[in-house]
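Here is the structure we will look at.
Chain identifiers are assigned alphabetically (A, B, ...) following the order of the sequence lines, protein sequences preceding nucleic acid strands; residue numbering begins at 1 within each chain.
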Number of protein chains: 2
Amino acid sequence: MRQKASTVVTMADVARSAGVSTMTVSNVINGRPRVGAETKERVLAAIGELGYQVNLAARHLRAGRTGVVGLAVPELENPYFAQLAGRLADRFEAHDLRVVVERTGASREREMEAVAFSRLRMYDGLILSVVDIDPAELGQLRTDAPVVLIGERALPSRFDHVMMDNVDGARQATAHLLATGARRVAMLGGEPDGAANMPALRAEGYALAHAEAAVPVDPRLNIRSSFRLQDGYEGIRALLDRGIGFDAVFALNDVVAMGALRALADAGLRVPADVQVIGFDDIDEAAYLVPALSTVSPGHAEMADRITALLTAQITDGPTGEPQEIVVPARLVHRATTTPLS
Amino acid sequence: MRQKASTVVTMADVARSAGVSTMTVSNVINGRPRVGAETKERVLAAIGELGYQVNLAARHLRAGRTGVVGLAVPELENPYFAQLAGRLADRFEAHDLRVVVERTGASREREMEAVAFSRLRMYDGLILSVVDIDPAELGQLRTDAPVVLIGERALPSRFDHVMMDNVDGARQATAHLLATGARRVAMLGGEPDGAANMPALRAEGYALAHAEAAVPVDPRLNIRSSFRLQDGYEGIRALLDRGIGFDAVFALNDVVAMGALRALADAGLRVPADVQVIGFDDIDEAAYLVPALSTVSPGHAEMADRITALLTAQITDGPTGEPQEIVVPARLVHRATTTPLS
DNA sequence: CTGAAAGCGCTAACAT
DNA sequence: ATGTTAGCGCTTTCAG
């Protein structure tokens, strides 16, 4: 399993071939000024001939930085994360930092912690979407590497942390449903494991709105599942098959809302006349569904701006004093799957 | 802008604190067998106390490998790529390789080449989705690092290359439309720059089907644009506004098809009764749209399997002799936006 | 303008 | 069972 060391061209090879020192080669490659024009050409020629490429591992070891920030998300396929990744990539590009995305595999907190933190040193900074992590685990991590957490509710931690207002967003969404006459609001998506994770928070907002409107919650309307399209579809089908009536659906994210819309259409139910539907996340697709999906916008731009600002600050200035904790407000987006207020 | 070297804990620090050599620390960390139980504990304790974390840059420099494979795609937000990334991550995990995804920014071939190849050495292997790259540029690259190209038509290159059958998929899709009575098939999406890029190939299949069916093509039905939802929407709107009649839409990908579906619905046109619609890519969302989108499936599983096999082979066995060129067949998926064949 | 020396943090190979 | 030596490929001093 050995590498064929002979095929790897090093800087020393180039230097030898061009009859200069490695230092001069280094200078040419990095476009440093004080190199003779003719020398430069000789070096460039040698590089071309030998097909030399810098060894970034060595460069990084030396430089102590990599120029890349990692973004660790539970899953790549979820449009929310894919779109977040795009927005962050845009912003970090402006700071000459490249974003690379990796997957943690969600709920499995072990894996997440392991992956994300063992690799910390590969990155100048890490943006970690915490899904289900135990605050205690976070607490034991010894590192002053630049890290920004995104996702859940306030965590006791020494890391900067930006979150969307899950509870309030869910409250607003549910309240709108209730205010426009719904009395039996199904809640769809999210695993039923306690914890302060995202589904739990959105569920909290759902409960809150019911309490405020003094509308009782029927626990049978609580359909928990994973967050795929299929889960949204099957959740609604299950409700229908079991004959459990409902006049609105609060989907814990837009993806399951999409699945729900489909199930409703298949059942011949009209949206929003028979059943209102509202999602969460405001993914790009929401506006283009038929009918267009009402949803909760978690403030995409502000979120991305905050994350970028926080992380770049840490990277350039080193560990900051107090960890910041930023809550980006959520906003209802009314489209065609809900009935307007009055 | 100096790093605070004092806060970085190295293996030597741990060794000193535990009263052993760095080698012993290394052995403990890597779980190598021949370490005394009591020594091990001392080391572990020191690690915990100091909050030591391995420096992966150094490890990689030493090991000559990183355990990560890069996936460079034009854009993260496109569900096709997001879903591809997920499938690849699954498969590479089985080989103890982690996939990290980065964005090349599509069409700008310079950037793409630059990004993808300058970083080659960071990865044990690279999967590069070539969008618009000039074969000549690829040709000049000197490297025998493991690379698998995905995307377009056959390229003269020394890299393994797996592609979907763009032309045939498009031909099948268009042929179905024509066979079920459509005579004016709008083609939607894709920049109109010549080249052997994806849009051009799918356009070729479109033309081919028309030729085979002896149906003339009205160039005004060719609406080229970018590949966002909005572009699909606006493309159809433009056709409608200009009063250019059409009875079917071949969308160059599912995302623009989604936009088109929405525009059609807004205009009160029934799908497929008034206008048939077919997309390309078979993204997960397609099956859940209302109505469910007929599309061309590019053989997702086979594609991912092939890519994984090719790249892992290169990584473990070194440069192979002949570069492989694999075309994964495309298959029509009939759902609700097209009328069935007779 | 160019070069020599030293060392980033780690681990394979060889002592002990 | 543990330590010593050497060096991965690069770049930062500091000398020419």
Value in whole Å for how far the P atom of dC10(C) lies from NE2 of His60(B): 12 Å

Leu61(A) side chain, from C-beta outward: closest of dA6(D), dG9(D), dT12(D): dG9(D)

Residue whose nearest DNA chain D nucleotide is more 5′ - Thr24(B) or Ala58(B): Thr24(B)

Upstream residue (5' side of DNA chain C) when Thr22(A) and Lys40(A) are each assigned their closest nucleotide: Lys40(A)

Separation between NE2 of His161(B) and CD1 of Ile150(B), rounded to the nearest 0.5 Å: 8.5 Å

Met23(A) CE to dC14(D) P, straight-line distance once rounded to whole Å: 14 Å

Donor-acceptor pair under 3.5 Å, Arg59(B) side chain vs dG9(C) base: no

Candidate list Val25(A), Val20(A), Ile29(A), test side chain to side chain contact (heavy atoms under 4.5 Å, CB included), partner Val14(A), passing option: Val25(A)

Side-chain donor or acceptor of Asp13(B) paired with backbone N/O of Thr10(B) under 3.5 Å: yes

Spacing between Arg42(B) atom CZ and dG3(D) atom C1', to the nearest angstrom: 14 Å

Rounded distance (Å) that lies between atom C1' of dC8(C) and atom CG of Asn55(A): 13 Å

Asn30(B) side chain to Arg32(B) backbone, donor-acceptor under 3.5 Å: no

Distance, rounded to the nearest Å, where Arg34(B) contributes CZ and dT2(D) contributes C1': 11 Å

